[in-house]
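For reference, the structure discussed in these notes is given below.
Labels below follow one simple rule: chain letters A, B, ... track the order of the sequence lines, proteins then strands, and each chain is numbered from 1. Values in this document were obtained by computation on a predicted structure and should not be read as measured data.
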Protein chains: 2
Amino acid sequence: MINVAIVDDHELFREGLVLVLDQIDEINIVKDYCSGNEFLSDLDNLNIDIVLMDIKMEGLNGIETTQKAKAIKPDLKVIAVTMFVEDSYYMQMIQAGAHGFVLKKAGKYELGQAIMEVYKGGNYFSQEILQKMALSAIGGTNSKENQLSNREIEVLQLICKGLSTKEIAESLFLSQKTVEVHRSNILRKSEQKNIAQLVIWAVKNNYTSI
Amino acid sequence: MINVAIVDDHELFREGLVLVLDQIDEINIVKDYCSGNEFLSDLDNLNIDIVLMDIKMEGLNGIETTQKAKAIKPDLKVIAVTMFVEDSYYMQMIQAGAHGFVLKKAGKYELGQAIMEVYKGGNYFSQEILQKMALSAIGGTNSKENQLSNREIEVLQLICKGLSTKEIAESLFLSQKTVEVHRSNILRKSEQKNIAQLVIWAVKNNYTSI
DNA sequence: ATTGCAATAGGGGAAAACCCTTAGTAATGT
DNA sequence: ACATTACTAAGGGTTTTCCCCTATTGCAAT
């Protein structure tokens with residue numbers, strides 16, 4: 001019996017997921033949570049093998065929740081359940097310690113397969129994710145060089161809220177020039193050519209929520 | 001017994017929804033579809049009271065699917081099931097003939113309630129939607145004045161793809177000045193102050209998909 | 001018929017974004 | 001100790017966005 005917990009802030013999806021997985025004999029849904037914080041505060045008393053984790057969530061997101069959960073229970077296995085497939089996005093989640101990655105448009109058989117595979121000590125990644133990984137391996141446009149720094153992420157989030165360079169500078173107590181540098185480093189690293197593309201990219205890569 | 005169909009391209013969510021609703025005695029899930037086209041081509045042979053319709057879908061979206069479905073079966077009742085709450089978005093769906101509007105973060109009880117209400121001939125709108133409607137009624141910032149024209153929608157979609165004014169002008173065979181006029185009319189009507197905010201607004205209002 | 005609006009397009013100008021260079025400081029890792 | 005990197009900031013420049021203004025054409029509604 002595989003003991004599984006679910007963390008997802010979309011109630012309808014979460015309720016459905018519980019029922020879907022209850023149909024699989026080998027899987028036992030222990031509990032489901034609507035937020036990362038709720039899950040973390042329960043983690044000590046929780047006897048689970050695997051947690052299915054949504055990435056985009058209000059409050060603590062899936063990446064942060066995974067990092068904190070792994071700090072408490074290093075053996076916990078995390079499968080990310082997500083809407084989009086984008087670069088730094090899944091890389092962050094893998095770095096945080098996720099063993100699997102399933103898209104929400106996948107079916108129950110695929111999710112079941114992912115849970116089995118991860119339970120046995122393996123990894124599972126959706127076809128779409130594997131393609132992305134393969135492409136970034138070929139292009140070499142991945143990993144560290146293109147990772148945003150903390151400050152850059154902060155600036156990116158303000159850009160996505162619609163703040164101008166001047167406003168960002170004021171709100172972070174920086175000079176406009178510094179913010180300009182961050183902006184252009186963000187554009188370079190994300191390989192986007194303007195703010196419109198950057199905002200879409202940021203949403204897809206989970207730097208901001210909509 | 002209320003006969004219900006589901007149209008949603010996220011398989012896991014759809015499968016979950018089927019199981020959630022099967023728990024409610026009064027509801028019978030007749031069939032579920034992963035696309036608008038699939039649903040429409042089956043509609044003639046389908047004996048259902050209500051269809052739960054996702055708005056954001058690959059191919060035919062929920063609004064288009066609803067319009068076409070109502071043309072075939074005017075008595076069909078549609079409940080939109082969606083992620084976001086934004087202005088023109090739900091207005092379009094209501095104009096297309098939807099009787100209800102439920103957020104994906106709602107729970108099964110709320111969804112059940114919505115189905116019952118719409119089946120009895122009423123309407124059901126999530127609290128969040130009602131708030132939006134009330135606000136736009138007070139502010140008067142709704143309806144026609146702020147509705148984007150076809151050309152504006154076309155320009156908006158190109159903006160969201162990251163094209164500059166110059167590139168948009170070239171691709172639509174217009175002068176840059178004309179595109180500039182469209183841009184600022186779009187910003188004025190959407191009440192957003194720059195491209196970053198506009199892109200987020202466009203995604204929320206279903207003018208573009210991410 | 002006239003009013004209204006969408007769509008077209010121009011002039012002109014202020015502000016913001018974008019791109020290049022250089023450069024110092026502080027923290028981190030080998 | 002030394003290299004690397006994040007963060008800071010400036011000078012100086014081009015391009016783009018954004019905001020006024022005016023103006024014509026053509027379609028549609030009353």
Side-chain angles (χ1 to χ4, degrees), chain A residues 67 88 91-92 95 140-202 205 207-208, chain B residues 88 91-92 95 140-202 207-208:
Chain A
Q67 284 164 345
S88 69
M91 290 306 289
Q92 279 177 266
Q95 277 160 16
T141 59
N142 58 339
S143 71
K144 281 175 193 168
E145 311 120 77
N146 290 342
Q147 247 173 47
L148 299 188
S149 70
N150 292 334
R151 201 51 151 174
E152 283 160 357
I153 291 171
E154 205 172 350
V155 170
L156 175 56
Q157 285 165 345
L158 295 176
I159 290 172
C160 291
K161 281 172 70 180
L163 273 68
S164 68
T165 297
K166 193 176 170 186
E167 289 167 336
I168 294 170
E170 280 162 7
S171 97
L172 297 180
F173 304 103
L174 296 173
S175 89
Q176 289 192 37
K177 275 294 178 185
T178 302
V179 178
E180 274 182 52
V181 171
H182 288 314
R183 278 186 97 112
S184 60
N185 286 336
I186 293 165
L187 283 174
R188 181 179 45 76
K189 287 183 180 180
S190 67
E191 294 170 326
Q192 306 302 307
K193 60 168 236 192
N194 58 34
I195 290 298
Q197 290 182 351
L198 182 63
V199 169
I200 299 275
W201 180 88
N205 285 279
Y207 286 111
T208 190
Chain B
S88 70
M91 288 307 289
Q92 280 176 267
Q95 277 160 18
T141 59
N142 58 339
S143 70
K144 282 173 189 169
E145 310 121 78
N146 289 343
Q147 247 172 45
L148 299 189
S149 70
N150 291 333
R151 199 53 148 175
E152 284 161 357
I153 291 171
E154 205 173 350
V155 170
L156 174 56
Q157 285 166 344
L158 294 175
I159 290 172
C160 291
K161 282 171 70 180
L163 273 68
S164 68
T165 298
K166 193 176 170 184
E167 289 167 336
I168 293 169
E170 280 163 6
S171 96
L172 297 179
F173 304 106
L174 296 174
S175 91
Q176 289 192 37
K177 273 294 176 182
T178 303
V179 178
E180 274 181 53
V181 170
H182 289 313
R183 278 186 96 114
S184 60
N185 287 335
I186 293 166
L187 283 173
R188 181 179 44 78
K189 288 184 180 180
S190 68
E191 294 170 323
Q192 306 301 311
K193 59 170 235 191
N194 58 33
I195 290 298
Q197 290 182 349
L198 183 63
V199 169
I200 300 276
W201 180 88
Y207 286 112
T208 189

Establish, with yes or no, whether the OP1 or OP2 oxygen of dG10(C) is under 4.0 angstrom from a side-chain nitrogen or oxygen of S175(B). yes

Can you tell me how far C1' of dA9(C) sits from CD of E170(B), to the nearest Å? 16 Å

Taken to the nearest whole Å, CD1/I159(B) to P/dT17(D) is 8 Å

Nearest-angstrom distance from the residue atom CG of L172(B) to P of dA7(C): 12 Å

Nearest-Å distance for atom pair CG/P, residues L174(A) and dA6(D): 16 Å

So which nucleotide from dT8(D), dA9(C), dA10(D) ends up closest to the side chain of T178(B)? dA9(C)

OG1 of T208(A) to CD1 of I159(A), rounded to nearest 0.5 Å, is 11.0 Å

Output yes when E152(B) and R188(B) qualify as a salt bridge under the 4.0 Å nitrogen-oxygen rule, no when they do not. no

Anything under 3.5 Å between a protein N or O and an N or O of nucleotides 13-19 of chain C, put it in a table, one pair a line.
from	atom 1	to	atom 2	distance (Å)
dA17(C)	OP2	T165(A)	N	2.9
dA17(C)	OP2	T165(A)	OG1	2.8
dC18(C)	OP1	I195(A)	N	3.4
dC18(C)	N4	E180(A)	OE1	2.8
dC19(C)	N4	E180(A)	OE1	3.1

Rounded distance [0.5 Å steps], CG in L174(A) versus NE2 in H182(A): 6.0 Å

Measure the OG1-CD1 distance between T178(A) and I168(A) for me, rounded to the nearest 0.5 Å. 12.0 Å

Counting only heavy atoms not in K193(B), do more than 12 sit closer than 6.0 Å to its NZ atom? yes

Note down the inter-axis angle between the two ends of the helix from dA1(C)-dT30(D) to dT30(C)-dA1(D), five pairs each, to the nearest 10°. 60°

Just verifying a value: how many Å separate K177(B) NZ and T165(B) OG1, rounded to the nearest 0.5 Å? 10.0 Å

What is the separation between atom CG on N185(B) and atom C1' on dA9(C), rounded to the nearest whole Å? 13 Å

Should H182(A) be listed as having a side-chain N or O under 4.0 Å from OP1 or OP2 of dT8(D)? yes

R151(B) atom CZ is separated from dT8(C) atom C1', nearest whole Å, by 9 Å

Here the distance between atom C1' of dC18(D) and atom CD1 of I186(B), to the nearest Å, is 13 Å

How long is the span from the OG atom in S164(B) to the CD1 atom in I195(B), to the nearest 0.5 Å? 10.5 Å

Side chain S190(A), main chain I186(A), donor-acceptor under 3.5 Å: yes

Rounded to whole Å, the CG-P distance (N150(A) to dT28(C)) equals 12 Å

Does this structure show an ion pair linking E180(A) with R183(A), if we count only N-O contacts that are shorter than 4.0 Å? no

